[in-house]
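Order of the sequence lines sets the chain letters (A, B, ...), proteins ahead of strands, with each chain counted from 1. No experiment lies behind these values; they were computed from the predicted model shown.
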There are 2 protein chains.
Amino acid sequence: MSETLSPTASRERRTYSIGELARRFEVTPRTIRFYEQEGLLEPERRGQTRVYHEKDRVRLALTLRGKRLGFSLAEIREVIQLYDHAPDGDERQLRRMLDILAEKRRGLERQLEDIHALQNELDDVEDRCRDSLDALLARHSRDT
Amino acid sequence: MSETLSPTASRERRTYSIGELARRFEVTPRTIRFYEQEGLLEPERRGQTRVYHEKDRVRLALTLRGKRLGFSLAEIREVIQLYDHAPDGDERQLRRMLDILAEKRRGLERQLEDIHALQNELDDVEDRCRDSLDALLARHSRDT
DNA sequence: GGCGAGCTTGACGTTTACGTAAAGTAGACC
DNA sequence: GGTCTACTTTACGTAAACGTCAAGCTCGCC
């Protein structure tokens, strides 16, 4: 793995402005501020302007990935909190976390099934489509 | 495949009321009416009440699957229209349809990547979680 | 004929995830 | 010192996907 959300691993000193991040991920600054408001990002403040670090960039990437999979921002926040609090807590909390993880996994498994089902259906459409096209072209070449 | 959206394959004469469908798929009747309003379902009318056939049931299943994958109702309607119009149209239309199919496929491929990436991240969290738990239990058993 | 269960059509309300416009600030450059 | 660019906050607007009443029809049953 090339990157992680673990705070101990953010050893690069690169920072980003809100505009840089926005261009990089093809979202608007407004979106990034909104994600902060929703507790998904926690940029540093230098004066009154926001300064984003690697940790924020990785979180944003995770957020957008979650969005592409249809997760709500609330669900994504949950996952991020799993990340941030993975190593701590008492036994009960850790076991609860493992339960939540297992549940998330089941959700992903179902999404995999759904994708395969949809792929099969697209195959079906494509087959019929190609059949029609072949018939059309055969008729055309015969008529010349 | 056990079922398809192809109209020629709906040879079963089973019908459903809106309430039956709603219970089956764990949605509200309101949701089903809304999907009709959005052009995703086209139930028969018997008097003033709606009568749903196999075709509608399959469409509803497809719709909910799409939703679980984060598709908008507009996108799902596109897919359904692909189904309904797959075998017809002139050459240009058929080629266009194949292009659209290829694009949908690319979207699904990306979702697969996203899912695998998220699974890896959950693995990561789980590892750290288990490490903490093991350390906790080891300390506990040593202290007894 | 009254009554409940299930259906119908409106119509307005709500949540999520931002868009957009207004007005102000702060640093870089000429 | 003025202007440009990029940032800031505040606030109202909006599209999607339904939820939530309200009011009325209609069928079966006692």
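Among the heavy atoms of the strands, none lies under 4.0 Å from Arg46(A).
Between Arg77(B) and dA16(D) there is no side-chain N or O to OP1 or OP2 distance below 4.0 Å.
The distance from atom CD of Glu38(B) to atom P of dA15(D) is 13 Å, rounded to the nearest whole Å. Rounded to an integer number of Å, the gap from CZ of Arg33(B) to P of dT8(C) is 5 Å. Ile18(B) places its CD1 atom 9 Å from the C1' atom of dT8(C), with the value rounded to the nearest Å. To the nearest angstrom, P of dA17(D) lies 16 Å from CD1 of Ile32(B). Between the C1' atom of dT8(C) and the CG atom of Leu21(B) lies a distance of 17 Å, rounded to the nearest Å. Rounded to whole Å, atom P of dA17(C) lies 13 Å from atom CG of Leu64(A).
In the set dC18(D), dC18(C), dT8(D), dT8(D) carries the atom at the smallest distance from any side-chain atom of Arg50(A).
Here the closest non-hydrogen pair linking Glu75(A) and Gly70(A) is OE1-O, 4.4 Å.
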Exercise. Do Ile100(A) and Met97(A) pass the side-chain contact (heavy atoms from CB on, under 4.5 Å) test, and can you show the C-alpha distance, the side-chain angles, and the key distance before you say yes or no?
Worked result: CA-CA 5 Å; Ile100(A) 296 177; Met97(A) 204 170 286; 5.6 Å; no
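With values rounded to the nearest 0.5 angstrom, Leu21(A) atom CG is found 7.0 Å from Tyr16(A) atom OH.
Both Leu73(B) and Gln48(B) lie close to DNA chain D; mapped to their nearest nucleotides by heavy-atom distance, the more 5′-ward contact belongs to Leu73(B). In terms of position on DNA chain C, the residue among Ala74(A) and Arg30(B) whose nearest nucleotide sits closer to the 5' end is Arg30(B).
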